[in-house]
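Count residues from 1 along the sequence.
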Amino acid sequence: MWVRMPSEDAHAVVVVTRVIPGDRLGTWREAYNQAPGIVSGYGVNFFERVSRPHGHSWSGVAASAHSVFIDDIVSTLRDWADWESTWSVTPVVEPARKRDARLRRLAVSKLEGGAIPVDLDIDPLMLSLLDAAQADALHTLLDELFLPGIRWRFPRDRTGARLSNRGRVLLHECAPPAHPSGKGVWLVVDGPAPRTEPRLVVRLASAAGKGAFHRWDPTPEYWRTGPYEVGPRTLEQLWGIGPDMPARFVEEVTDALLAGRALDALAACAVTVDRGTRRLLAGLPDSFEMREWTDKWVVNATNLMANAAPWRWRDEVVPKQRARRLDNLGGFNPSRRPGLFLEWHDGGPHVSFDQSASPLVLPRVCWERDPDRDLIRLGLLRPDQIPVPSP
């Protein structure tokens with residue numbers, strides 16, 4: 001008997017087969033040989049096909065059960081038929097009270113962080129990896145460092161009150177990697193070690209820029225005085241606000257994101273989504289096989305979107321460019337890391353849910369909303385208090 005199951009491509013098949021008692025009392029399993037105790041019974045398999053846009057795709061048996069009693073098989077089918085409603089959750093964003101408290105701590109941390117020491121520690125061994133032109137460019141960058149901006153914008157921890165322990169921000173790639181999958185020589189800013197005084201260190205380090213979430217090379221206004229290839233840009237330009245993107249529209253999209261209406265906000269910004277993203281942002285399980293991860297993935301995807309700036313995403317994608325990860329959603333090994341990816345599709349930005357080992361990451365400064373804008377919205381900060389490098 002063939003039974004249609006919820007989901008786009010899923011069904012169950014019930015067959016008459018030979019079964020034997022299982023390892024636990026009252027359980028049964030299929031008999032593959034002439035073992036003693038074989039009786040005629042029933043087997044039921046849940047077949048599901050899950051397609052991923054860029055990585056792991058899966059097709060086959062997602063679950064199975066055996067019994068000598070037809071009532072047990074019917075009960076299993078009924079449970080499977082309700083799997084979507086059983087594992088669905090209600091998308092919930094960070095409570096406004098908790099978010100406001102975190103942003104208040106962040107505002108205090110930024111305003112009181114002007115005295116944070118910023119050390120310069122250039123390892124001669126790392127410096128020897130640069131040729132003469134690269135070394136000269138490095139010394140120019142070191143002379144142009146904008147320390148107030150580095151202190152102000154260095155990532156904070158989850159509480160918002162302290163610098164991120166062992167955090168690292170990549171500023172500029174001084175020497176490219178010898179191989180595309182290798183590491184280059186970067187000028188970086190490292191955060192403090194756990195349980196030590198707040199202190200930042202500017203140094204050279206070996207790093208893979210394409211896989212770094214915190215990279216400031218797209219926004220040199222954050223960390224150096226210039227001159228810049230483009231700019232300098234104003235705060236509103238850095239936030240994606242201009243003649244083509246009025247502040248009122250940005251406010252409406254932000255309100256929708258903070259209210260948990262991520263799909264409405266994405267649609268308003270002409271950002272399309274795939275099946276997996278749409279289901280997660282609506283609180284639905286991605287698939288029967290991965291149903292137990294629904295709660296974790298929905299929470300992480302919703303929080304990701306609550307901090308997003310989708311009105312800026314059109315400028316971050318180009319045709320024929322590989323999809324880049326916005327963030328991880330948690331779970332699984334490195335070869336099947338779940339996450340949301342951004343790419344160009346059908347004339348605009350497109351978000352997809354995938355389980356992939358791809359190392360390509362879109363830096364947070366390119367897709368997230370600047371926390372300073374949220375602080376200004378709450379009246380915790382004035383625009384003139386934000387450090388901006390002089391021309």
Side-chain angles (χ1 to χ4, degrees), residues 1-32 38-53 55-93 260-264 266-267 272-302 305 329-332 336 338-340 351-356:
M1 182 176 68
W2 185 94
V3 184
R4 179 74 180 176
M5 287 287 122
S7 191
E8 283 76 1
D9 194 0
H11 63 275
V13 176
V14 182
V15 297
V16 176
T17 185
R18 299 183 305 164
V19 298
I20 58 175
D23 297 332
R24 292 182 300 164
L25 183 64
T27 63
W28 299 85
R29 59 186 176 87
E30 190 172 3
Y32 294 102
I38 293 179
V39 297
S40 179
Y42 306 94
V44 58
N45 292 322
F46 189 113
F47 292 90
E48 183 179 34
R49 178 176 178 81
V50 179
S51 298
R52 301 295 183 208
H56 172 76
S57 295
W58 188 89
S59 179
V61 179
S64 61
H66 296 85
S67 179
V68 294
F69 304 108
I70 192 63
D71 288 346
D72 292 345
I73 300 299
V74 172
S75 178
T76 299
L77 284 171
R78 286 175 174 166
D79 290 341
W80 288 351
D82 294 333
W83 75 272
E84 281 194 341
S85 59
T86 300
W87 292 94
S88 296
V89 297
T90 301
V92 178
V93 295
R261 295 185 288 109
L263 291 174
D264 295 339
L266 294 178
T272 59
V273 298
D274 72 339
R275 169 193 174 276
T277 304
R278 182 179 296 104
R279 290 178 67 87
L280 290 181
L281 294 180
L284 298 174
D286 171 67
S287 65
F288 182 85
E289 181 201 14
M290 304 297 176
R291 61 194 182 280
E292 296 182 0
W293 293 93
T294 302
D295 190 10
K296 184 182 187 69
W297 288 350
V298 169
V299 170
N300 290 341
T302 304
M305 289 298 171
L329 298 185
F332 288 96
R336 292 181 61 185
L340 295 183
V351 180
S352 59
F353 168 72
D354 198 3
Q355 292 174 253
S356 169

For this session: Under the side-chain hydrogen bond (donor to acceptor under 3.5 Å, both in side chains) rule, collect the residues that match up with R279, sequence neighbours excluded.
Result: E84

Problem set entry | Verdict with supporting geometry, W2 and R4, side chain to side chain contact (heavy atoms under 4.5 Å, CB included) | CA-CA 7 Å; W2 185 94; R4 179 74 180 176; 3.9 Å; yes

Exercise. Is the shortest heavy-atom distance from the side chain of W297 to the side chain of F353 under 4.5 Å?
Worked result: yes

For this session: Answer yes or no: is there a donor N or O on one side and an acceptor on the other, between the side chain of E48 and the main chain of F288, under 3.5 Å?
Result: yes

Exercise. Looking at L340 and A301, what are the two nearest heavy atoms and their distance?
Worked result: CD1-CB, 4.2 Å

Exercise. Closest approach of R336 and M290, non-hydrogen atoms and distance?
Worked result: NH2-CE, 2.5 Å

For this session: Identify, with sequence neighbours excluded, every residue that meets salt bridge (charged side-chain N to carboxylate O under 4.0 Å, His left out) alongside D9.
Result: none

For this session: Measure the CD-CH2 distance between E292 and W87 for me, rounded to the nearest 0.5 Å.
Result: 4.5 Å

For this session: Kindly indicate, with the supporting measurements, whether the criterion side chain to side chain contact (heavy atoms under 4.5 Å, CB included) is fulfilled by F47 and M5.
Result: CA-CA 9 Å; F47 292 90; M5 287 287 122; over 6 Å; no

Seminar exercise, completed: Y42 meets the ring pair (Phe, Tyr, Trp, His ring centres under 6.0 Å) criterion, sequence neighbours left out, with none

Only pairs under 3.5 Å count here: list side-chain donor-acceptor contacts from residues 18-28, not counting sequence neighbours, and write none if there are none.
from, atom 1, to, atom 2, distance (Å)
T27, OG1, R24, N, 3.4
T27, OG1, R24, O, 2.6

Problem set entry | Minimum-distance pair of heavy atoms, taken over all atoms of G331 and P338 | O-CD, 3.1 Å

Exercise. Does V44 reach the side chain of H66, with side-chain heavy atoms less than 4.5 Å apart?
Worked result: no

Exercise. Would you say T294 and S88 make side-chain contact, with heavy atoms under 4.5 Å?
Worked result: no

Seminar exercise, completed: Test side chain to side chain contact (heavy atoms under 4.5 Å, CB included), reference L281, set L263, V298, D264, V351, output is L263

Exercise. Quick one: does E30's side chain have a donor or acceptor within less than 3.5 Å of a partner on G43's backbone?
Worked result: no

Exercise. Closest heavy-atom contact between G283 and P91?
Worked result: N-CG, 3.6 Å

Exercise. With the threshold set at 4.0 Å, does a side-chain nitrogen-carboxylate oxygen contact exist between R275 and D286?
Worked result: yes

Listing, residues 72-83 side-chain donor-acceptor contacts under 3.5 Å, not counting sequence neighbours, or none:
from, atom 1, to, atom 2, distance (Å)
D72, OD2, S67, OG, 2.9
T76, OG1, D72, O, 3.0
W83, NE1, P6, O, 3.3

Problem set entry | Atom of S287, atom of V50 and distance for their closest heavy-atom approach | CB-CG2, 3.7 Å

Exercise. side-chain hydrogen bond (donor to acceptor under 3.5 Å, both in side chains) with S352: which residues, sequence neighbours excluded?
Worked result: none

Exercise. Between atom CG of L280 and atom OG1 of T302, what is the distance when rounded to the nearest 0.5 Å?
Worked result: 8.5 Å

Seminar exercise, completed: So OG1 of T17 and CZ of R29: to nearest 0.5 Å the spacing works out to 12.0 Å

For this session: Could you walk me through whether R278 and L284 pass side chain to side chain contact (heavy atoms under 4.5 Å, CB included), step by step?
Result: CA-CA 8 Å; R278 182 179 296 104; L284 298 174; over 6 Å; no

